[in-house]
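Along the sequence shown, residues are numbered consecutively beginning with 1. The figures here come from the full heavy-atom set of this structure, side chains too, leaving out hydrogens, waters and symmetry mates.
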Amino acid sequence: MNMNNERIKIKEKINGNKYVKKTKISLLSLVFSRAGLYILLVLLQIGLMVGLYNHINIDIPLLIGGDTFLRIVIMLIILNMDSINSSYKLSWFILTAIFPSLATVVFLLDHLSIGYKKEQKRVLELEKVSRKLYTRDLALVDELKESDKEIYNCQNYFHNMGGFVAYDKTATKYYPVGEDVFADILKAIRGAKDFIFIEIFIISYGYMWGTILEELVKKVEEGVEVRLLFDGTNPLIRVKANFVDEMNSLGIKCKVFSPMKPIISTYYNNRDHRKIFVIDNEYAFTGGINLADEYINVYERFGHWKDCGIRLRGAAVESLTLMFLQMWSDSPSEVDNFVRYLPKKSFTEENGICIPFSDNPMDEEYFAKNAILSMLNNAKDYVYFMTPYLILEDELINAMTNATKRGIDVRICMPHIPDKKIAFALAKSHYEHLLSNGVKIYEYTPGFCHSKVWLSDDSNAFVGTINLDYRALYLNFECGVLMKDTSAVSQIRDDFDIFFSIGSLVSIEDVKNRPFLTKAVGHIVKPFATLF
């Protein structure tokens with residue numbers, strides 16, 4: 001009865017919220033939307049290329065010889081590129097062998113950064129110039145050098161390669177479901193006095209976004225500066241074309257990261273998948289949740305939606321503030337203005353170390369992947385992962401199986417009801433090898449798990465936006481927080497224990513008995529997984 005009353009209240013709030021317009025996406029609406037138009041224009045460009053190719057009068061022997069020569073040249077170029085790993089090279093080899101002309105065009109677009117040289121330069125320069133603003137506590141670094149060589153080496157790597165620093169004096173709180181982090185984000189927004197920064201991957205009209213928007217508008221009226229940055233995929237199908245203008249009219253400064261345009265470019269492969277909420281440089285939130293109703297279980301899509309979040313309060317918040325400003329800004333000349341948003345707060349005295357970091361596809365330094373490898377290689381007892389997707393390259397698979405061979409308990413927590421069936425079939429193609437080598441895999445029986453959490457030895461943990469797939473580790477802009485012995489670590493352990501108790505342990509027999517179509521799709525897609 002209480003649940004029914006709660007649902008009635010939620011429905012009334014949705015219907016009564018003047019900022020809420022429920023998102024309805026159908027195949028027909030997609031066809032006649034901006035996304036449909038963009039897809040049509042891109043297909044027309046591909047069709048034009050194919051048409052020109054077919055109508056050029058070239059002798060068959062010359063054509064075959066040219067294709068063979070093209071294959072050899074492209075394969076040699078790829079083979080000698082140190083900037084891409086062996087799994088990526090294998091995918092390109094297969095694509096080149098089957099479609100040499102298409103593969104050549106796509107490869108050149110990707111390798112030459114066509115369409116995003118300017119954006120690449122902007123991002124890299126902003127990150128480099130603003131590194132000076134991270135507050136590095138040298139006394140803490142010296143202390144770690146004497147007391148904890150593992151975390152000392154870890155913070156050295158992140159600082160030397162990305163400018164990121166280790167912080168103490170930061171209170172942490174972990175959220176095992178989206179509803180809980182949503183409640184505290186709202187509370188923090190309502191208490192804002194100076195500024196609110198939001199960077200998000202998905203916005204969908206509904207209860208969640210409508211509720212937050214109402215609070216943001218109230219804060220604007222109180223004189224609080226509000227900024228909203230969202231990924232450029234949203235205007236295609238999720239929000240109205242005039243969304244940015246609408247936000248600006250409400251007093252919210254709004255920008256779109258990498259707006260989608262109807263031209264062929266691999267630039268669109270690099271999405272802003274980060275989720276950052278910063279309030280007054282005092283509170284910062286990140287994790288898996290986006291601004292859509294399924295993330296807080298107001299709207300059910302794939303059974304119960306399990307997500308995660310982390311809240312920082314104290315010294316480490318400045319890193320998330322800087323990450324947002326780096327992505328928001330148009331030029332390195334704006335960096336001097338960042339200081340205004342980095343006021344020193346009264347820091348909480350709390351045990352543990354936090355290292356917030358971001359990962360981007362343009363600097364060829366793979367922070368997330370290296371952090372995972374370090375966690376697996378340094379573990380003493382166990383390493384647990386929670387992820388919605390599992391598209392792994394050989395290096396990570398080998399690290400997991402080598403850990404189990406040393407006696408480390410490696411477990412991966414996955415959804416039971418997938419949101420993307422092809423991705424799930426691809427994930428299952430890894431199951432048999434991992435299980436045969438001692439890795440345990442659990443599936444979230446109540447529904448879909450979207451959490452991105454790692455834990456080892458009741459001491460080291462990560463919460464953020466990073467999935468265990470190639471897109472997150474190599475192609476997207478991502479972020480998260482590594483922690484050592486913080487309050488959140490024990491909360492994360494409790495969450496994993498609950499997952500193990502309600503989830504189902506996957507067996508070799510389960511994998512062998514999966515439907516033929518699932519097996520076939522996984523095997524067919526697997527060779528090309530790293531390209532997409």
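D458 and Y382 form a side-chain donor-acceptor contact under 3.5 Å, judged by distance and modelled atom types alone. Side-chain contact of D231 with T233: a donor-acceptor pair under 3.5 Å is present, judged by distance alone. No side-chain donor-acceptor contact under 3.5 Å links Y474 and E364. Using a 3.5 Å distance cut-off with no hydrogens or angles, the side chains of N476 and R471 do pair a donor with an acceptor. In summary, the side chains of E127 and N360 do present a donor paired with an acceptor at a separation below 3.5 Å, with no hydrogens or angles considered. If you check the side chains of Y157 and N370, you find a donor sitting under 3.5 Å from an acceptor. A donor and an acceptor atom, one from each side chain of Q326 and S130, are located under 3.5 Å apart. No side-chain donor from either of Y174 and S490 sits under 3.5 Å from a side-chain acceptor of the other. Side chains of T404 and N437: no donor on one and acceptor on the other come within 3.5 Å. Using a 3.5 Å distance cut-off with no hydrogens or angles, the side chains of E350 and S487 do pair a donor with an acceptor.
The nearest pair of heavy atoms linking K275 to G288 is CE-O, 3.7 Å. Nearest heavy-atom pair, V165 versus P356, reported as atom, atom and distance to 0.1 Å: O-CD, 4.1 Å.
A ring-centre distance under 6.0 Å is found for H273 and F201. For F477 and F257, the gap between ring centers is short of 6.0 Å. The ring of Y295 has its center no closer than 6.0 angstrom to the ring center of F182. For F158 and F367, the ring centers sit closer than 6.0 Å to each other. Aromatic rings of Y444 and Y442 (six-membered ring for Trp) have centroids beyond the 6.0 Å cut-off, not under it.
From Y384, atom OH reaches atom CG of D409 across 4.5 Å, with rounding to the nearest 0.5 Å. With rounding to the nearest 0.5 Å, the separation of OH in Y207 from CD1 in I212 is 10.0 Å. S429 OG to K526 NZ: the interatomic distance, rounded to the nearest 0.5 Å, is 4.0 Å. Atom CG of L426 and atom CD1 of I391 lie 4.5 Å apart (nearest 0.5 Å). Note that CE of M386 and SG of C413 are 5.0 Å apart. Values are rounded to the nearest 0.5 Å. Note: I185 CD1 to D180 CG = 11.0 Å, rounded to the nearest 0.5 Å.
In this structure, F285 and F277 have perpendicular ring planes: the angle between them is above 60°, well past the 30° mark. Below 30°, between 30° and 60°, or above 60°: for F302 and W305 the angle between ring planes is between 30° and 60°, a tilted geometry.
The side-chain tip of R411 points at the ring of F500 from less than 6.0 angstrom away and within 45° of straight on.
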